[in-house]
Amino acid sequence: MKGAWKLRLRMILTSVIMFTLIYFLIMIVGWYLGVSSWKLYFGASLLISFVQYWFGPSLVKRSMNVRPLSEAEAPHIHQMVQELADEAGVPKPEIGLSEINIPNAFAYGRSSRSGHIAITRPILGLLDRDELRAVLGHEMGHIKHNDMIVTAAVSMIPMICYYIALSFMFSGDSRNGGGIIIGILGYLFYLIGQLLVLFISRTREYYADQASVEYGNKPASLVSALYKLSYGAARCSKETIDEVNTNRAFFVNDVNNAKHDVTDFRQIDFDGDGKISDEELRRLANSEVKISSKNGLMELLSTHPDSLKRVKRLAELEQ
């Protein structure tokens, strides 16, 4: 698939940087203490990550109010998911309906062998068949790529840095200020690690978009779906958005940025019909996309790519 090597290179380089950071910090701690007590932090983080990985699906299901969606209720959705699973080469995920009032979809689970895809009730009737299939293909991409495991693994690194920072900054054992320095370094590495986790999250979104196209969906269908989902989220109240704020990374798009995203999508909706056609996407592929410094900063702190950059990449896949 076009441009896939760039995504892989991003992931490899970011992972190398993250593990280098944590190795360097633990090496300093071990040298400072003269013992191997740093293993306590590493072990505690491993334990927390395992608990998050193991119980995460149940927590997501409960917090997002998901119930099983039977084949009798939605045979067309089950058919699409089965087709996509066959394309991806993974077992058909469990399908659920989330009773929250924001139109969207999300994937969760422990691995590609035990995946779950959930759609929210408002998405029904909002997207046409091709748009819905493209969104489901995006979520199937997350399952195929084992993004649940990747997220759990990379999230462990800033967690270790945070525990080290907390322990040394408030330990009361100064030793000529060495403990304070390690604590400050730990907190600095924690902040860097968090930014790298967000970067990896945005990269995984690009991967999932690409997977949806790979499974036979048109890029324009996915862009139209993102447009409609952003518009739907933009119409929701702040209270409704706040209710799912802690889980927004699971969604196809960042619902916190919905109003901003709608403004971006309108720039490429040349005929103003509320959808993005193949022709409109091709026009974007041949034009330059620039984002402001403000939008660039917003993207750094977001779990999802800037909408125009994301659509630009999908436009390039259209060609």
Side-chain angles (χ1 to χ4, degrees), residues 9-56 59-60 63 108 146-207 242 244-251 254 256-257 293-306:
L9 184 60
R10 283 186 190 182
M11 288 297 302
I12 292 170
L13 290 177
T14 307
S15 298
V16 167
I17 292 171
M18 289 195 74
F19 282 99
T20 300
L21 283 175
I22 190 60
Y23 177 80
F24 179 69
L25 183 59
I26 289 178
M27 183 180 68
I28 291 176
V29 171
W31 169 80
Y32 176 76
L33 295 175
V35 292
S36 298
S37 60
W38 57 266
K39 292 179 181 178
L40 176 64
Y41 310 121
F42 188 73
S45 297
L46 279 178
L47 178 62
I48 292 172
S49 296
F50 175 76
V51 170
Q52 175 185 330
Y53 165 76
W54 189 258
F55 293 103
L59 293 174
V60 171
S63 64
Y108 61 100
N146 283 304
D147 283 345
M148 299 75 72
I149 298 174
V150 172
T151 300
V154 298
S155 297
M156 178 185 71
I157 294 174
M159 192 187 307
I160 295 172
C161 295
Y162 180 76
Y163 287 152
I164 290 176
L166 200 64
S167 297
F168 280 85
M169 289 181 77
F170 302 104
S171 64
D173 181 10
S174 61
R175 296 193 195 181
N176 297 322
I180 297 295
I181 293 173
I182 291 177
I184 292 172
L185 276 176
Y187 193 70
L188 178 62
F189 286 2
Y190 160 73
L191 293 176
I192 294 172
Q194 289 288 59
L195 290 176
L196 291 174
V197 168
L198 290 173
F199 177 80
I200 288 175
S201 176
R202 293 193 297 272
T203 303
R204 304 313 295 181
E205 293 300 321
Y206 283 125
Y207 259 129
D242 288 344
V244 298
N245 200 39
T246 56
N247 290 318
R248 72 182 191 279
F250 288 97
F251 288 146
D254 190 343
N256 274 358
N257 294 334
S293 299
K294 178 183 176 182
N295 291 349
L297 180 60
M298 285 175 59
E299 184 185 39
L300 280 176
L301 304 176
S302 176
T303 55
H304 291 69
D306 177 83

Taking all non-hydrogen atoms of both residues, which atom of [X] and which atom of [Y] are closest, and how far apart?
X      : Y      : value
Leu300 : Leu195 : O-CD2, 3.9 Å
His304 : Phe251 : NE2-O, 2.7 Å
Met298 : Asn257 : CE-OD1, 3.8 Å
Ala165 : Gly183 : CB-O, 3.3 Å
Phe189 : Cys161 : CB-SG, 3.8 Å
Asp306 : Glu299 : N-OE2, 2.9 Å

Nearest 0.5 angstrom please: [X] [atom1] to [Y] [atom2], how far?
X      : Y      : atom1 : atom2 : value
Thr203 : Leu198 : OG1   : CG    : 10.5 Å
Ser63  : Phe250 : OG    : CZ    : 7.5 Å
Ile192 : Phe199 : CD1   : CZ    : 14.5 Å
Arg202 : Asp254 : CZ    : CG    : 11.0 Å

With Asp147 via side chain to side chain contact (heavy atoms under 4.5 Å, CB included) - residues at least two apart: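 Here the qualifying residues are His142, His145, Arg204.
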
